[in-house]
*Asks:* 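I have a structure here, written as structure tokens, and I will follow up with some questions on it.
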Number of protein chains: 2
Amino acid sequence: MSVHVLETATSVLLRDPTASLGEVAKAAGVGRTTLHKRFPTRSDLIHALATEALDLVDAAISSVDTGSDTAIEQLVAKLVPLGPRVEFLLRFPNLRDDERLSMRLTVMDQPVIDLISRLQGTRLRADLPAWWIAQTLYAGVYSAWEGIAAGRLAPLDAPGLVLTTFYQGVSHVGAADRS
Amino acid sequence: MSVHVLETATSVLLRDPTASLGEVAKAAGVGRTTLHKRFPTRSDLIHALATEALDLVDAAISSVDTGSDTAIEQLVAKLVPLGPRVEFLLRFPNLRDDERLSMRLTVMDQPVIDLISRLQGTRLRADLPAWWIAQTLYAGVYSAWEGIAAGRLAPLDAPGLVLTTFYQGVSHVGAADRS
DNA sequence: ACCGTTGTGAACATGAGTGTTCACGTCCTC
DNA sequence: GAGGACGTGAACACTCATGTTCACAACGGT
């Protein structure tokens with residue numbers, strides 16, 4: 001059940017970052033006292049949510065075989081379902097106030113950067129900064145999750161959409177565009 | 001000066017959505033009383049920030065000549081500098097609670113969707129939903145702003161980076177990738 | 001049947017943010 | 001120089017989230 005509480009809390013706090021602990025507890029179907037017993041203070045709760053999100057994202061990233069040809073495909077497939085957790089990490093800027101969390105946040109996507117750097121020159125363009133490519137990938141994943149949450153996108157269509165846009169852009173084939 | 005207050009308030013509230021009005025006032029270099037005189041309640045302030053952001057984005061969008069060949073280029077160039085305002089509209093989900101704001105938010109990017117729809121088949125791929133292309137464009141703009149804010153990207157490089165990624169993706173030329 | 005664990009609501013004290021008022025400066029205008 | 005407009009800090013009462021405690025109910029294992 002603990003897991004469900006964290007999940008609900010994440011979505012509630014994403015919908016309204018100023019939501020009271022009472023609202024969070026009610027949404028999770030649990031008493032405020034119970035919530036307080038598990039997370040003595042509001043910061044503790046936020047911290048726990050961030051830690052869990054980081055754990056999940058870390059697990060997703062390290063579960064991909066970075067040597068495989070389909071490494072990026074695996075990554076996207078793993079990240080899209082984590083939508084709300086990724087969103088949480090992005091939308092709570094003051095997570096960086098915590099030393100430990102801040103470090104994990106900065107280190108988190110190093111494997112992704114490394115993977116991209118290694119692929120630049122073969123599968124990926126070498127004239128773009130690696131961090132930009134990573135950012136583009138994340139943005140695609142996040143946009144896809146948003147589309148799913150809004151009901152505009154079928155979950156099964158998401159990875160394909162992200163990947164084709166990521167790789168090929170949105171230009172009509174045959175038109176040689178320039179910036 | 002009013003403009004500067006709104007700008008500062010936006011950045012403060014983005015950094016910490018729970019920031020007190022006192023902090024906002026201090027950051028803007030005005031007394032809390034003065035702030036209160038202009039915006040009697042916290043909601044009024046938020047509402048004013050959202051309205052101003054919407055005005056700026058609206059102005060940016062409607063300032064581009066949608067008939068021009070460089071419509072999208074113009075759009076990107078106009079949107080990137082609006083970074084914080086766009087971020088504000090994205091990161092305050094409960095703006096939708098206000099009837100008027102909600103309507104403006106949903107109507108806002110209709111011209112962009114229309115422009116994209118019109119370009120699909122000529123310059124833009126027709127096998128992707130128009131909303132997805134728009135989303136991809138926004139995501140690129142936002143990522144660019146983020147890069148600028150973090151000091152990783154020179155403001156002048158931003159539009160080019162966004163556009164080349166948007167149009168062509170990140171695939172190395174010569175590699176025929178598939179999703 | 002007993003007892004530890006766990007979840008719960010009720011109640012309370014406290015602190016912080018908020019809305020409001022007031023009296024005091026400063027600047028500009030007439 | 002009188003008077004209004006505007007910004008300001010100090011002070012106040014009020015609300016509300018929060019942290020904390022306590023007594024009670026449900027459950028499971030021994």
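Atoms considered below: every heavy atom in the structure, side chains included; atoms not considered: hydrogens, waters and symmetry mates. Sequence lines set the chain letters: A, B, ... in the order given, protein chains first and strands last, and positions in each chain run from 1.
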*Asks:* Let me have a per-nucleotide readout for nucleotides 10-21 of chain C, 5' to 3', with B, S or -, counting only protein heavy atoms under 4.0 Å.
*Replies:* BB-----SBBBB
*Asks:* Please enumerate all residues that pass salt bridge (Lys or Arg N to Asp or Glu O under 4.0 Å) together with B:D127, with sequence neighbours excluded.
*Replies:* B:R125
*Asks:* Mind checking who shares a hydrophobic cluster with B:M103, ILVMFWY linked at side-chain heavy-atom distances under 4.5 Å?
*Replies:* B:V107
*Asks:* Holding to side chain to side chain donor-acceptor pair (under 3.5 Å), I want the full list of residues that pass it with B:T165, two or more places apart in sequence or in another chain.
*Replies:* A:W132
*Asks:* Measure NZ/B:K37 against P/D:dG9 and give the value in whole Å, please.
*Replies:* 12 Å
*Asks:* Would you call A:D98 and A:R104 a salt bridge, taking side-chain N to carboxylate O under 4.0 Å as the test?
*Replies:* no
*Asks:* Can you list, by chain and residue number, the hydrophobic cluster partners of A:Y142 when the side-chain cut-off is 4.5 Å?
*Replies:* none
*Asks:* Report the residues that fulfil side chain to side chain contact (heavy atoms under 4.5 Å, CB included) with A:R32, sequence neighbours left out, ordered by chain and then residue number.
*Replies:* A:A25
*Asks:* Which donor-acceptor pairs under 3.5 Å do side chains of residues 144-157 of chain A form with protein atoms, sequence neighbours excluded?
*Replies:*
from, atom 1, to, atom 2, distance (Å)
A:E146, OE1, B:Q135, NE2, 3.1

*Asks:* Can you list everything that forms a salt bridge (Lys or Arg N to Asp or Glu O under 4.0 Å) with A:D97? Sequence neighbours excluded, please.
*Replies:* none
*Asks:* Rounded to whole Å, how long is the line connecting atom CG of B:L35 with atom P of D:dC6?
*Replies:* 16 Å
*Asks:* When the C1' atoms of the five terminal pairs at each end define the local axes, what inter-axis angle does the helix from C:dA1-D:dT30 to C:dC30-D:dG1 show, to 10 degrees?
*Replies:* 10°
